[in-house]
Amino acid sequence: MIQGGRPLNGEIEISGMKNAALPIIFGCLLVKDRCVIENLPVIDDVEVALNILKDMGAVVEKINKNTVAIDATEVKGGSSSVNLVRKIRASYYLLGAEIGRYGKAYVGVPGGCDFGCRPIDQHIKGFEALGCTVRMDGRYVTASAPQGLKGANIFFDIVSVGATMNVMLASVCAPGVTVIENAAREPHIVDLANFLNTCGGQISGAGTDTIKIKGVDSLHGCTYAIIPDMIEAGTYMIAVAATGGKLKITNVIPKHLESISAKLCEMGVEVEEGDDFVTVSRCGRISKINLKTQPYPGFPTDMQPQMAALMCLADGISLLTEGVFDNRFRYTEELLRMGANIKVNGKTAMIEGKVALKPARVRAVDLRAGAAMVIAGLATPGKTEIENIYLIERGYDDLVGKLRLCGADIIKIKELED
Ligand code: UD1
């Protein structure tokens with residue numbers, strides 16, 4: 001429950017990145033040794049990923065709130081719980097990790113946010129190029145490589161974060177050289193490559209559209225710290241743009257935030273970059289912008305709903321185009337309940353800004369959509385209640401606590417079951 005209409009002021013420290021933590025946790029399956037992973041965010045998706053590995057026989061030891069040691073030496077391949085796997089999208093990384101470790105995989109079909117059809121054909125194309133035969137029925141994906149894995153050249157038809165990381169996981173120990181072309185360039189791709197290289201892998205080119213992987217015989221344990229979460233940081237940047245006030249957002253890599261900072265500046269928000277922080281402030285009115293989401297370094301699709309909430313408060317009509325997923329505007333119906341003026345036509349939303357929204361009872365339809373409702377609630381005087389907050393807690397570390405420290409009147413009134 002949010003009593004909105006208060007500015008945000010103060011400092012927020014950003015946690016480790018969800019979408020880097022998850023492939024790295026599953027990447028530990030490739031290592032018959034102890035890996036210590038630091039700067040893990042305290043979020044439900046990480047908990048589920050750790051439980052999947054634990055359930056398969058890994059020794060998972062919590063060293064402190066953000067540090068976990070994982071030893072997957074005794075893990076039995078193909079033994080993951082279908083009920084746990086279907087809770088998160090990122091469990092598709094088990095496929096790449098099992099293929100990389102055992103030369104075969106047996107994993108339930110992954111879950112995750114519903115943005116329309118989310119195929120994994122490019123992941124499968126990559127595994128097949130490495131020598132796997134892959135079968136998919138409604139419940140399970142099965143892969144096997146009777147002749148063993150072999151490095152290959154793979155040209156993805158589309159830029160896919162998941163497929164790029166999955167092929168890295170499957171090929172890091174495959175004999176020969178694998179080259180991925182038209183690879184995704186997100187910072188979490190670089191983070192996974194850095195983790196695997198710290199374990200003895202030989203991956204170069206991560207962060208560009210061509211990644212080269214020289215297969216190594218085995219990986220060894222390491223200590224590795226996850227990069228900061230650019231989507232969490234971007235969410236608080238937009239929150240203060242919506243409420244007014246001034247936030248220092250710390251433990252970030254400002255370079256990763258450039259597409260977000262640029263768009264906020266275009267709207268009239270002030271963004272100052274430090275070495276590992278950004279300061280964001282807004283005093284006057286904000287103006288409309290046009291924006292299209294794209295793979296990195298473009299504006300991230302995972303910031304699209306939060307930006308829509310901000311556009312509802314801007315002067316003029318903004319055009320917001322989704323360039324990555326088929327259907328990521330379901331949440332706009334919730335903003336309509338708050339009096340927003342949004343018309344969706346295919347992959348573009350036309351958002352007419354208003355001076356103020358009105359408070360309402362709304363729901364989180366997915367993780368980032370939930371964050372958008374929090375932003376709308378914070379910016380709107382009166383009581384906004386948000387249902388299904390378990391979806392927000394999948395990906396935001398202590399969102400309520402961090403916002404309260406900066407002056408937000410937000411409380412969790414009920415624990416809801418998944
Ligand atoms: C990951 C992130 C998600 C983010 C997205 C884009 C995780 C767990 N999830 O999702 O938060 O929004 O990247 O930055 O890290 N596609 C295909 N075939 C495939 C794979 C993808 O057609 O085999 C399509 C998708 O449907 C989508 C586009 O390609 O339209 C991009 O998807 P992708 O980059 O793979 O996103 P995810 O890995 O699912």
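Read the numbers this way: they start at 1 and go in the same order the structure lists the ligands and their atoms. Excluded from the calculations below are hydrogen atoms, water molecules and symmetry mates; all remaining heavy atoms, backbone and side chain alike, are included.
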- Query: Does a salt bridge link E232 with K402, judged by any charged N lying under 4.0 Å from a carboxylate O?
  - Reply: yes

- Contacting atoms of ligand 1, where contact means under 4.0 angstrom from a heavy atom of R89: 39 (O)

- Determine, for D45 against R394, whether the closest basic-nitrogen to carboxylate-oxygen distance falls under 4.0 angstrom. yes

- Message: Closer than 4.0 angstrom, basic N to acidic O: yes or no for K62 and E47?
- Response: yes

- Task: Determine, using heavy atoms of A184 and all atoms of ligand 1, whether some pair is separated by less than 4.0 Å.
- Result: no

- Task: May I ask you to list the atoms of ligand 1 that are less than 4.0 angstrom from any heavy atom of I158?
- Result: 16 (N), 17 (C), 18 (N), 21 (C), 22 (O), 24 (C), 29 (O)

- Message: Any carboxylate oxygen within less than 4.0 angstrom of a Lys/Arg side-chain nitrogen, looking at K104 and E98?
- Response: no

- Using a heavy-atom cut-off of under 4.0 Å, does the side chain or the backbone of Q122 touch ligand 1, or both, or neither? both

- Message: Heavy-atom pairs closer than 4.0 Å: do any link ligand 1 to the side chain of V161, the backbone, both, or neither?
- Response: both

- Item | Presence of salt bridge, D157 and K125, under 4.0 angstrom | yes

- Message: So, 4.0 Å and heavy atoms of R328: is ligand 1 close enough to count as a contact?
- Response: yes

- Verify whether one side chain among Y396 and D229 offers a donor that lies under 3.5 Å from an acceptor in the other. no

- Query: Relative to atom 35 (O) of ligand 1, which among G395, A49, G298, S160 owns the nearest non-hydrogen atom?
  - Reply: S160

- Message: Please determine whether a side-chain nitrogen of the Lys or Arg among E322 and R328 lies less than 4.0 Å from a carboxylate oxygen of the Asp or Glu.
- Response: no

- Please say whether D326 places an N or O atom under 3.5 Å from an N or O atom belonging to ligand 1. no

- Item | Nitrogen or oxygen of K18 less than 3.5 angstrom from that of ligand 1 | no

- Query: What do you reckon, does Y92 put a non-hydrogen atom under 4.0 Å from ligand 1?
  - Reply: yes

- Side chain, backbone, both or neither: which part of H188 has a heavy atom under 4.0 Å from ligand 1? neither

- Query: So, does L22 sit close enough to ligand 1 that a heavy atom of it is under 4.0 Å from the ligand?
  - Reply: no

- Message: Taking 4.0 angstrom as the limit and counting only heavy atoms of I120, give me the atoms of ligand 1 inside it, by number and element.
- Response: 19 (C), 23 (O)

- Message: Would G162 count as being in polar contact with ligand 1, using the rule that some N or O on each side must be under 3.5 angstrom apart?
- Response: yes

- Give the contacting part of P119 toward ligand 1: side chain, backbone, both or neither, where contact means a heavy-atom distance below 4.0 Å. both

- Kindly write out the residues that satisfy side chain to side chain donor-acceptor pair (under 3.5 Å) with Y331, not counting sequence neighbours, or none if the list is empty. Q304

- salt_bridge(E333, R330) N-O dist < 4.0 Å: no

- Backbone, side chain, both or neither: what part of V324 comes under 4.0 angstrom of ligand 1, heavy atoms only? both

- Task: Specify side chain, backbone, both or neither for Q304, according to which of its non-hydrogen atoms lie closer than 4.0 Å to ligand 1.
- Result: neither

- Does a side-chain N-to-carboxylate-O contact under 4.0 Å join R361 and E387? yes

- Message: At under 4.0 Å between heavy atoms, is it the side chain or the backbone of D121 that contacts ligand 1, or both, or neither?
- Response: both

- Hey, looking at atom 32 (O) of ligand 1, which of Y296, F325, F156, Y93 has the closest heavy atom? F325

- Going through the distances and angles, do V179 and I211 end up as a side-chain contact (heavy atoms from CB on, under 4.5 Å)? CA-CA 6 Å; V179 178; I211 300 177; over 6 Å; no

- Task: May I ask you to say whether E61 pairs ionically with R34, meaning some side-chain N is under 4.0 Å from a carboxylate O?
- Result: yes

